[in-house]
*Asks:* 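I have a structure I would like to understand better, so I am pasting it below and will then ask my questions one at a time.
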Amino acid sequence: MTGARSPRILVFGDSLSFHGPEGGHPADDPRLWPNIAASALGGSAELVAGAGWTARDAWWAMIGDPRVWAELHRADVVVLAVGSMDTLPSPLPTYLRTGLRYLRPDPLRRATRRAYLAAQPVLSVALRGRPAALPTRLTVRYLDTAVSALRVLRPALPVVGWLPSVHRAAAYGRVHTTRARTAAAIARWAAATEVPLLDVPAHVAAHVLGGHGNPDGMHWGWQGHESVGVGMAELLRPFVTRAGGVGSDTAGWGHVG
């Protein structure tokens with residue numbers, strides 16, 4: 001980095017990046033893993049995330065949100081903390097499941113949503129966890145597209161990712177069939193493209209599967225956030241300590257995609 005400027009970490013995530021043991025929290029909550037990682041490195045984190053976000057949603061945010069384009073001028077490292085939600089069972093196609101919110105009138109929307117939430121764990125078991133929210137090949141494709149675009153626009157900008165988390169969520173029938181295949185595919189892709197990965201299950205598996213996280217069986221307690229934040233800081237440390245100045249290798253992001 002130039003001078004004494006502290007590192008800026010741009011994180012693309014899902015609800016694992018902003019949910020704690022009771023629910024969602026503001027992005028600047030110091031107990032969340034992005035802020036723990038940034039604090040350990042003497043810097044700050046900017047979180048771009050949404051509930052249920054997959055690798056596809058992260059890519060859409062990159063090319064569609066002008067606040068992201070602005071942040072890319074300042075970021076010293078990008079973290080693609082997505083992929084976990086891609087592996088969850090999705091008995092309904094994503095466009096139908098996410099479209100439930102648009103149903104009208106309101107009583108119909110609420111009744112339909114209740115019916116889907118009741119059926120989801122049953123169907124997840126009956127269909128053995130398939131289909132997943134995003135097929136493995138598409139998870140890898142969107143991650144690769146994002147990294148390729150970032151390397152064109154900011155050749156010196158480090159990009160890291162992670163392996164999908166685990167869950168024991170009753171809402172999904174405690175089924176997680178696609179995770180192993182997606183994790184293996186991400187690992188192969190990351191090795192080929194030289195994208196360092198954080199092994200998230202190594203930090204949270206005992207925490208989540210032991211029932212120490214959020215009662216929903218998927219999100220983490222503060223101990224999980226602490227472990228992931230510390231682990232991410234160690235993964236990022238070599239990159240932020242040798243990062244060069246930002247801005248000189250930044251192109252016009254709004255023209256991509």
Side-chain angles (χ1 to χ4, degrees), residues 7-18 27 33-34 37-38 45-88 94-95 98 132-165 178-179 181-200 228 232 235-236 238-240 243-244 246-247 249-257:
R8 296 177 67 94
I9 304 168
L10 176 58
V11 178
F12 292 89
D14 51 38
S15 55
L16 295 177
S17 294
F18 61 87
W33 76 259
E46 183 71 21
L47 177 62
V48 180
W53 271 22
T54 65
R56 176 169 54 194
D57 295 293
W59 168 243
W60 285 345
M62 282 187 196
I63 64 174
D65 189 339
R67 295 170 298 177
V68 172
W69 307 342
E71 186 59 32
L72 279 167
H73 288 270
R74 299 183 289 267
D76 293 295
V77 61
V78 169
V79 180
L80 298 176
V82 290
S84 298
M85 302 303 161
D86 308 40
T87 67
L88 294 177
T94 300
Y95 69 90
T98 59
L134 197 65
T136 296
R137 62 180 176 81
L138 291 183
T139 295
V140 173
R141 191 181 90 182
Y142 282 110
L143 290 173
D144 189 62
T145 301
V147 170
S148 298
L150 289 169
R151 286 176 172 173
V152 168
L153 296 167
R154 291 279 309 276
L157 179 66
V159 183
V160 307
W162 72 11
L163 293 175
S165 186
T178 307
R179 190 212 161 269
R181 180 169 65 247
T182 298
I186 291 174
R188 289 193 298 270
W189 162 79
T193 54
E194 299 183 331
V195 173
L197 295 177
L198 181 71
D199 185 352
V200 173
V228 170
M232 184 61 75
L235 181 66
L236 296 178
F239 302 104
V240 300
V246 297
D249 60 345
T250 306
W253 184 260
H255 298 292
V256 173

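When a residue number appears, it is its place in the shown sequence, counting from 1. Keep in mind it's a predicted model, so treat the numbers as computed, not measured.
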*Asks:* I'd like to know if the side chain of Arg56 and the backbone of Leu138 have a donor-acceptor N/O pair within less than 3.5 Å.
*Replies:* no
*Asks:* Could you go through the salt bridge (charged side-chain N to carboxylate O under 4.0 Å, His left out) check for Arg67 and Glu46 one step at a time?
*Replies:* CA-CA 11 Å; Arg67 295 170 298 177; Glu46 183 71 21; over 6 Å; no
*Asks:* Of all the heavy-atom pairs spanning Ala133 and Thr94, show the shortest one and how long it is.
*Replies:* O-OG1, 3.1 Å
*Asks:* Leu10 pairs by side-chain contact (heavy atoms from CB on, under 4.5 Å) with which of Val77, Leu157, Val78?
*Replies:* Val78
*Asks:* Closer than 3.5 angstrom, by distance alone: can the side chain of Asp86 be matched with the main-chain N or O of Ala55 as a donor-acceptor pair?
*Replies:* yes
*Asks:* Ignoring hydrogens and angles, tell me if any N or O in the side chain of Arg154 forms a donor-acceptor pair with the backbone of Leu72 under 3.5 Å.
*Replies:* yes
*Asks:* Minimum heavy-atom separation for Ala81 and Trp33, please, with both atom names.
*Replies:* CB-CZ2, 3.6 Å
*Asks:* Between CH2 of Trp60 and OH of Tyr142, what distance do you get to the nearest 0.5 Å?
*Replies:* 6.0 Å
*Asks:* Main chain of Ser165, side chain of Ser84: is a donor-acceptor contact present, judged purely on distance under 3.5 Å?
*Replies:* yes
*Asks:* Supply the atom-to-atom distance Asp199 CG to Trp162 CH2, rounded to the nearest 0.5 angstrom.
*Replies:* 11.5 Å
*Asks:* Identify the heavy atoms of Gly13 and Ser17 that sit nearest to each other, and give their distance.
*Replies:* CA-OG, 3.9 Å
*Asks:* Closest heavy-atom contact between Ser15 and Ala51?
*Replies:* CB-CA, 4.1 Å
*Asks:* Heavy atoms only: give me the nearest Trp53-Ala61 pair and the separation to one decimal.
*Replies:* CH2-CB, 3.7 Å
*Asks:* Calculate, to the nearest 0.5 Å, the distance between atoms CH2 and CG belonging to Trp189 and Leu197 respectively.
*Replies:* 7.0 Å
*Asks:* Please report the shortest heavy-atom distance between Leu235 and Gly161, naming the atom on each side.
*Replies:* CD2-O, 4.4 Å
*Asks:* Can Leu16 and Val228 be said to form a side chain to side chain contact (heavy atoms under 4.5 Å, CB included), step by step?
*Replies:* CA-CA 10 Å; Leu16 295 177; Val228 170; over 6 Å; no
*Asks:* Donor-acceptor pair, distance only, cut-off 3.5 Å: does the side chain of Ser148 make one with the backbone of Thr145?
*Replies:* no
*Asks:* Without swapping roles, check the side chain of Asp76 against the backbone of Arg8 for a donor-acceptor pair under 3.5 Å.
*Replies:* yes
*Asks:* Could you state the interatomic distance from CZ (Arg179) to CZ (Arg181), rounded to the nearest 0.5 Å?
*Replies:* 12.5 Å
*Asks:* Partners of Thr178 by side-chain hydrogen bond (donor to acceptor under 3.5 Å, both in side chains), sequence neighbours excluded?
*Replies:* none
*Asks:* Nearest 0.5 angstrom please: Asp65 CG to Ile63 CD1, how far?
*Replies:* 11.0 Å
*Asks:* In Å, rounded to the nearest 0.5 Å, how long is the span from CZ of Arg141 to OG1 of Thr136?
*Replies:* 13.5 Å
*Asks:* Would the distance check show the side chain of Asp57 and the main-chain N or O of Thr54 forming a donor-acceptor pair, the cut-off being under 3.5 Å?
*Replies:* yes
*Asks:* Does the side chain of Ile9 reach to within under 4.5 Å of the side chain of Val79, using non-hydrogen atoms?
*Replies:* yes
